[in-house]
Amino acid sequence: MSSLTVTLKDGSLHEMEPGSTWSQVAAGISRKLGKEALAARVDGAVDDLQSQAQQDRQVEFLTFADEDGRAVFRHTSSHILAQAVQRLFPGTKLAIGPAIADGFYYDLDSEHVFTNEDLAAIEAEMRRIVKEDHPLVRRDVSREEANEYFTLRSEPYKLELIQDLPADVQVSLYKQGEFIDLCRGPHLPSTGMVGAVKLLSIAGAYWRGSEQNKMLQRIYGTSFPKQNDLDEYLQRIEDAKRRDHRKLGQELDLFGIADEGPGFPFFYPKGMIIRNQLEEFWRQLHRQWGYQEIKTPMILSRELWERSGHWDHYEENMYFLKIDEEDYAIKPMNCPGGIICYKRRPHSYRELPIRYGELGLVHRHERSGVLHGLMRVRCFTQDDAHIFMMPEQITGEIIKVIKLIDFIYKTFGFSYRMELSTKPENAMGSDEIWEQATDALKQALEQNGNAYKINEGDGAFYGPKIDFHLQDTLGRNWQCGTIQLDFTMPECFDITYIGEDGEKHRPVMIHRTAFGSIERFLGILTEHYAGAFPAWLAPVQARVITVADRHIPVASEVAASLEQRDFRVEVDDRNERVGYKIRDGELEKIPYLLVVGDKEAEAGAVSVRKRGQGDLGRISVGDFAVQLASDIAQKA
RNA sequence: GCCCACAUAGCUCAGUAGGUAGAGCGUCGCCUUGGUAAGGCGGAGGUCUCCGGUUCGAGCCCGGAUGUGGGCUCCA
């Protein structure tokens, strides 16, 4: 019988025996690939290595280095988790157990409340299953057979899943040892390939993500081919914890949240310096980019919020109050205030676009369970702006905003991705207007050459939006910047401009932020820099350290001279040894420590110690000032 | 809001069989005047988150509230 031919990733052809599996094909290519391959991508679709190889296919072998390969690896890990749980806790009902970014989870329903001690036991059982090295065997079955099986096993969630599978989907089961799960696959050939597993946490999760449904118990875990990789990953998690902005905010005395104000952050003097630097940077940039700054009131009348649509569409996030028997609301957004500014007098088309920037403090009611340090709070300062323009200015203006936001993120070295959110259920305005606005955003993105993902139904109630998502050190994404295009509010507030023709016309609005929220951005920055803020942001840029008490006058002179040049300087004249004060300064992550003793006093110099780099030697105060100024100018 | 866990000095944490609280760091005082990541000695500092219960007696056991953490849901 003649051999079969498949095309490999690099375009080369590979001959193989009829009836061989992808696994055998991989092994035939190289020993290494045979060992490392986890799954095969056949004509674009990921398949089991155990599947029979077929003639004339494009095949690519996936290893742990591939995202899809990792997903298969983790998916099999989640089956092992479920198997272990059912061995130790018979009667536990299984919901779903997918692979996620850095691991996997399984949602379980059990009378038993799982504890951390249970996790250790389950983990041990998982290792046993790995050691037992069960092959995973796929079997396609009829719906009737699947229903029968899971009815017999009393697995209500599986039955519900089967019922909701589209009619044309083949139902399949995967078996490993005594354990059988409903699963589309693909899977590793055998449980023995899962080298190292670790269960990380237990959390509640609603069945199918809906609060209407029962709360299940979710066990999170991760797995790697080698113990070493797992250890490295766990180390990374530890490092990330050390960078947690809540911890650093406390340690560096920057900001915090008191029990007296859940979700309402406090900024201490040092945190305030960073904040003010960010805001100064923002103001300077926005002046350059043609924005004018405004400030609008925190409390405005019910009538205004009814008109803007917030009263109907945003009520559950708002705080209300009465003044002299009249209803008022604390602003959850700055836009109505910006519109009132625009409306204070008529505008000519010659003035447009008008860009009103506002660092506006907004309050939003967030559910108690979602609060998280500075990242998720109940009051925050949006670096907002409202741009009023003619319809023909839309694309150009949106591209400008994208460029401005890009410039800001690059200043901090952040990577980000963009998402376009479309009309939500709870929306104002007609479908036509939404389509027009959404198309305008798409056009700007495409014209500017930006890649983006579409997020159906996630727009603001008044318009579609482009969101910017930054990635933090834990790999979490934070929504920061946003650009929202709005045809609705100009209508609600009946705002106009006088056109070339002398008639009134309706302007279009952009709502946008770059930082998103100063608070969240500062939280992200704190983690990004691990608290070691660059000199332009650092609360203390240099600290002068005295060697002995007799150097206090010289140290004060050095500090005064630097302060005169507008640097943020402190003197540590405590009666302690140099080593002690150095250690303190390093722990406080101060960019420069300047040691002043006899030698420096005599030479009119300072010994410079740069954060993380150690002693750089003696230079004059003037030279140091030049160096620091250069760091600040470069935002380095 | 929901599930689970946690809440002890300014901070980080011990407190093991219920018998009216401990350490390190920080702070204050004294000694030391020391050259690049912690000198020495001493002192002060706590209604053990709050409310209620069990008990002769509660930091510890029980119930509730509040807050925090990990998630779910929701968002900048």
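Excluded from the calculations below are hydrogen atoms, water molecules and symmetry mates; all remaining heavy atoms, backbone and side chain alike, are included. Residue numbering restarts at 1 for every chain, and letters A, B, ... go by the order of the sequence lines.
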Query raised in the report: Reckon Arg550(A) touches a base, only the sugar-phosphate, or nothing at all at heavy-atom distances under 4.0 Å?
Result: sugar-phosphate
Query raised in the report: At under 4.0 Å between heavy atoms, what does Asn116(A) touch on the DNA or RNA strands: base, sugar-phosphate, or nothing?
Result: nothing
Report task. Describe the nucleic acid contact of Arg218(A) in one word from base, sugar-phosphate, nothing, applying a heavy-atom distance below 4.0 Å. Result -> sugar-phosphate
Report task. Could I get the full list of ring-ring contact (aromatic ring centres under 6.0 Å, His included) partners for Phe320(A), not counting sequence neighbours? Result -> Trp311(A)
Query raised in the report: Paired stems touching RNA chain B, three or more consecutive Watson-Crick or G-U pairs with both distances under 3.5 Å?
Result: B:1-7 with B:66-72, B:10-13 with B:22-25, B:27-31 with B:39-43, B:49-53 with B:61-65
Requested in this report: Heavy atoms under 4.0 Å is the rule here; annotate nucleotides 36-44 of chain B 5' to 3' with B where the base is hit, S where only the sugar-phosphate is, and - elsewhere.
Outcome: BBBB-----
Query raised in the report: Are Arg378(A) and Glu366(A) ion-paired here, with the side-chain N under 4.0 Å from a carboxylate O?
Result: no
Report task. Taking only the side-chain nitrogens and oxygens of His372(A), find out if one of them lies under 4.0 Å from OP1 or OP2 of G71(B). Result -> no
Query raised in the report: Can any side-chain N or O of Trp305(A) pair as donor or acceptor with the backbone N or O of Leu300(A) at less than 3.5 Å?
Result: yes
Report task. Would you kindly give the CD1-to-P distance between Ile202(A) and C6(B), to the nearest whole Å? Result -> 12 Å
Requested in this report: Pick out which of Asn334(A), Ile510(A), Ile294(A) makes a side-chain contact (heavy atoms from CB on, under 4.5 Å) with His386(A).
Outcome: Asn334(A)
Query raised in the report: Between G35(B), U33(B), A76(B), which nucleotide gets closest to the side-chain atoms of Arg364(A)?
Result: A76(B)
Report summary line: Phe515(A) CZ to C75(B) P, in whole Å, measures 24 Å
Tabulated below should be each protein N or O lying under 3.5 Å from an N or O of nucleotides 1-3 of chain B; please produce it.
unit_1: G1(B); atom_1: OP2; unit_2: Ser368(A); atom_2: OG; d: 2.9
unit_1: G1(B); atom_1: N7; unit_2: Gly369(A); atom_2: N; d: 3.2
unit_1: G1(B); atom_1: N2; unit_2: Tyr206(A); atom_2: OH; d: 2.4
unit_1: C2(B); atom_1: O4'; unit_2: Tyr206(A); atom_2: OH; d: 3.4
unit_1: C2(B); atom_1: O2; unit_2: Tyr206(A); atom_2: OH; d: 3.4
unit_1: C3(B); atom_1: O2; unit_2: Gly204(A); atom_2: N; d: 3.3

Query raised in the report: Quick one: salt bridge (Lys or Arg N to Asp or Glu O under 4.0 Å) pairs with a partner in residues 603-613 of chain A, sequence neighbours left out?
Result: Glu586(A)-Arg609(A)
Report task. Would you indicate what Arg574(A) reaches in the nucleic acid, counting non-hydrogen atoms under 4.0 angstrom: base, sugar-phosphate, or nothing? Result -> sugar-phosphate
Query raised in the report: Taking only residues two or more places apart in sequence or in another chain, which ones pass salt bridge (charged side-chain N to carboxylate O under 4.0 Å, His left out) with Glu238(A)?
Result: Lys241(A)
Report summary line: Residue set satisfying salt bridge (charged side-chain N to carboxylate O under 4.0 Å, His left out) with Asp107(A), at least two apart, ordered chain then number -> Arg218(A)
Report task. Tell me, please, which residues at least two apart from Glu123(A) pass salt bridge (charged side-chain N to carboxylate O under 4.0 Å, His left out). Result -> Arg127(A)
Requested in this report: Indicate, with a heavy-atom threshold strictly under 4.0 Å, whether Lys214(A) touches base, sugar-phosphate, or nothing.
Outcome: nothing
Requested in this report: Establish, with yes or no, whether the OP1 or OP2 oxygen of G70(B) is under 4.0 angstrom from a side-chain nitrogen or oxygen of Arg246(A).
Outcome: yes
Report, one pair per line, the protein and nucleotides 8-17 of chain B atoms (nitrogen or oxygen only) whose separation is under 3.5 Å.
unit_1: C11(B); atom_1: O3'; unit_2: Gln250(A); atom_2: NE2; d: 3.4

Report task. Using a cut-off of strictly less than 4.0 Å between a heavy atom of the residue and any atom of RNA chain B, enumerate the qualifying residues of residues 254-270 of chain A by number. Result -> Asp259(A), Pro262(A)
Report summary line: Nearest-nucleotide check on RNA chain B, Asp598(A) vs Cys480(A); residue mapping nearer the 5' end is Asp598(A)
Requested in this report: List in chain and number order the residues that pass side chain to side chain donor-acceptor pair (under 3.5 Å) with Arg367(A), two or more places apart in sequence or in another chain; answer none if no residue qualifies.
Outcome: Glu211(A)
Report summary line: Hits for salt bridge (charged side-chain N to carboxylate O under 4.0 Å, His left out) against Asp109(A), two or more places apart or cross-chain, chain-then-number order -> Lys214(A)
Query raised in the report: Is Gln217(A) reaching over with its side chain to a backbone N or O of Phe114(A), donor-acceptor style, under 3.5 angstrom?
Result: yes
Query raised in the report: Salt bridge check: are Arg543(A) and Asp584(A) linked by an N-O gap of less than 4.0 Å?
Result: no
